[in-house]
Amino acid sequence: MDLSRIRIVLVQTTHPGNIGAAARAMKNMGLTQLVLVNPRDFPSGVALGRAASALDILDNAQVVDSLDTAIADCGLVIGTSARSRSIPWPMVDPEGCAEKLVVASNQNDVALVFGREDRGLSNDELQLCHFHVQIPANEEYPSLNIAAAVMLLCYEIRKAVLRAPGEDKAENTDSLKQAAGKTQGIDDPIYEIWDQPLATVADLEGYLKHLEKVLVRLEFHDPENPRQLMSRLRRLYSRIRPDTMEINILRGVLASTEYQLDKKNRSES
Ligand code: SAH
């Protein structure tokens with residue numbers, strides 16, 4: 001199975017040794033695409049030393065300056081977190097995470113995002129993700145070294161690939177669909193044949209910015225007193241996972257709303 005549509009994203013890694021160890025873990029598990037968001041120290045001899053025979057992964061790693069850029073073209077993004085955050089988000093376990101990524105990667109580029117060694121991912125970064133995955137580690141000390149977390153979740157991806165019988169891609173996808181459905185116990189439209197491509201992160205971000213602008217104009221939303229409104233709407237839309245056609249319809253509704261507001265303003269002035 002081609003795993004080149006699954007990318008591993010490391011956000012602001014401090015220690016280059018962790019980048020090298022993550023690259024080695026990826027190569028051991030058959031993954032190839034590494035994206036680094038603002039690494040503190042890269043390229044680095046220390047990273048090369050820890051990567052051992054995974055130098056190709058470091059050579060091909062893309063370095064970008066924001067998480068938005070790293071995942072803009074992805075149809076599914078899963079963020080990792082060692083602890084629960086203020087606003088609950090759809091969660092998957094490590095097996096479910098792997099199954100979702102492998103199945104979705106048949107049709108979309110997908111990403112698994114890891115945070116900083118000291119602080120993990122910020123709430124804003126986690127809210128760019130469709131799901132969060134938490135490795136159920138010892139509650140007294142749940143925070144793994146980042147490269148260990150990369151290894152564990154890439155191993156789950158490998159197991160999900162190996163669980164699929166035969167070489168035939170369609171057959172693989174079917175058995176993973178069943179496995180994913182069982183694990184998650186949910187009816188996830190991404191496991192169905194869908195007539196439109198899923199909206200990417202960039203599509204959804206564009207829509208949410210537009211929505212916020214219109215809600216402010218309607219005086220429904222007060223940016224001085226936001227009360228988590230936009231976070232909750234973001235969670236709603238990322239849970240639904242709209243496709244590109246649906247996003248176009250929603251943007252059309254916003255454009256009409258703006259047109260009517262302009263017309264009303266003109267007639268009043
Ligand atoms: N103190 C930080 C922990 C950062 S550990 C915090 O509380 O968020 C560095 C990174 O390793 C995390 O951002 C995450 O990507 C990964 N990681 C570590 N432990 C994890 C766990 N139990 N589940 C999922 N990811 C984990």
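Residues: numbered from 1 along the sequence shown. Just so you know, ligand 1 is whichever comes first in the structure, and atom 1 is the first atom listed for that ligand. Every heavy atom of this structure was used, including side-chain atoms; hydrogens, water molecules and symmetry mates were not.
Nearest protein heavy-atom neighbour of atom 12 (C) of ligand 1: G115 N, 3.9 Å. At the shortest separation from atom 3 (C) of ligand 1 among protein heavy atoms lies S143 OG, 3.3 Å. Scanning the protein for heavy atoms near atom 19 (N) of ligand 1, the closest one is L144 N, 2.9 Å. Closest to atom 11 (O) of ligand 1 among all protein heavy atoms lies I146 CA, 3.7 Å. Closest to atom 9 (C) of ligand 1 among all protein heavy atoms lies R116 O, 3.4 Å.
Judged by distance alone, with hydrogens and angles left aside, the side-chain atoms of R239 form no donor-acceptor pair with the main-chain N or O of W89 at under 3.5 Å. Between the E117 side chain and the T14 main chain, a donor and an acceptor come within less than 3.5 Å of each other. Q107 places no side-chain N or O within 3.5 Å of a backbone atom of A104 that could act as its donor or acceptor partner. Proximity of a side-chain donor or acceptor of H130 to a complementary backbone N or O of V77 within less than 3.5 Å is detected.
Considering both main-chain and side-chain atoms, I135 comes within under 3.5 Å of ligand 1 through a nitrogen or oxygen pair. Considering backbone and side-chain N/O of Q134, none are found under 3.5 Å from N/O of ligand 1. For T80, a nitrogen or oxygen atom sits less than 3.5 Å from a nitrogen or oxygen atom of ligand 1, counting backbone and side chain alike.
Remark: among candidates A137, S122, A82, the nearest residue to atom 20 (C) of ligand 1 is A82, based on non-hydrogen atoms. The residue among Q12, R83, E125 with a heavy atom at the shortest distance from atom 6 (C) of ligand 1 is R83. Of the listed residues (A148, S81, A149), the one carrying the non-hydrogen atom nearest atom 24 (C) of ligand 1 is S81.
Residue-level proximity to ligand 1 for P142 is carried by the backbone, the only part with a heavy atom below 4.0 angstrom. In L153, neither the side chain nor the backbone holds a heavy atom less than 4.0 Å from any atom of ligand 1. The residue P136 has no part lying near ligand 1, judged by heavy-atom distances below 4.0 Å.
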May I have the list of side-chain donor-acceptor pairs in residues 140-150 shorter than 3.5 Å, sequence neighbours left out?
unit_1 : atom_1 : unit_2 : atom_2 : d
N145   : OD1    : A147   : N      : 2.9
N145   : OD1    : A148   : N      : 3.2
N145   : ND2    : N18    : OD1    : 3.2

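Under the 4.5 Å side-chain heavy-atom criterion for Ile, Leu, Val, Met, Phe, Trp and Tyr, L153 and V102 are members of the same hydrophobic cluster. By the criterion of side-chain heavy atoms lying less than 4.5 angstrom apart, applied directly or through intervening Ile, Leu, Val, Met, Phe, Trp or Tyr residues, V9 is not grouped with L36; the two fall into different hydrophobic clusters.
In this structure, a donor-acceptor pair under 3.5 Å is present between the side chains of S231 and Q127.
Atom numbering of ligand 1 starts at 1 in the shown order; those under 4.0 Å from a heavy atom of D118 are 1 (N), 2 (C). Near R119, with a cut-off below 4.0 Å to any heavy atom, the atoms of ligand 1 are 2 (C), 8 (O). Proximity to F114 (heavy-atom distance under 4.0 Å) selects the following atoms of ligand 1: 15 (O). Near V133, meaning under 4.0 Å from one of its heavy atoms, ligand 1 places the atoms 24 (C).
Side-chain atoms of E258 and H210, non-hydrogen and from C-beta on, do get closer than 4.5 Å to each other. Between T200 and C74, every side-chain heavy-atom pair lies at or beyond the 4.5 Å cut-off.
Applying the salt bridge (charged side-chain N to carboxylate O under 4.0 Å, His left out) criterion to D262, with sequence neighbours excluded, gives R217.
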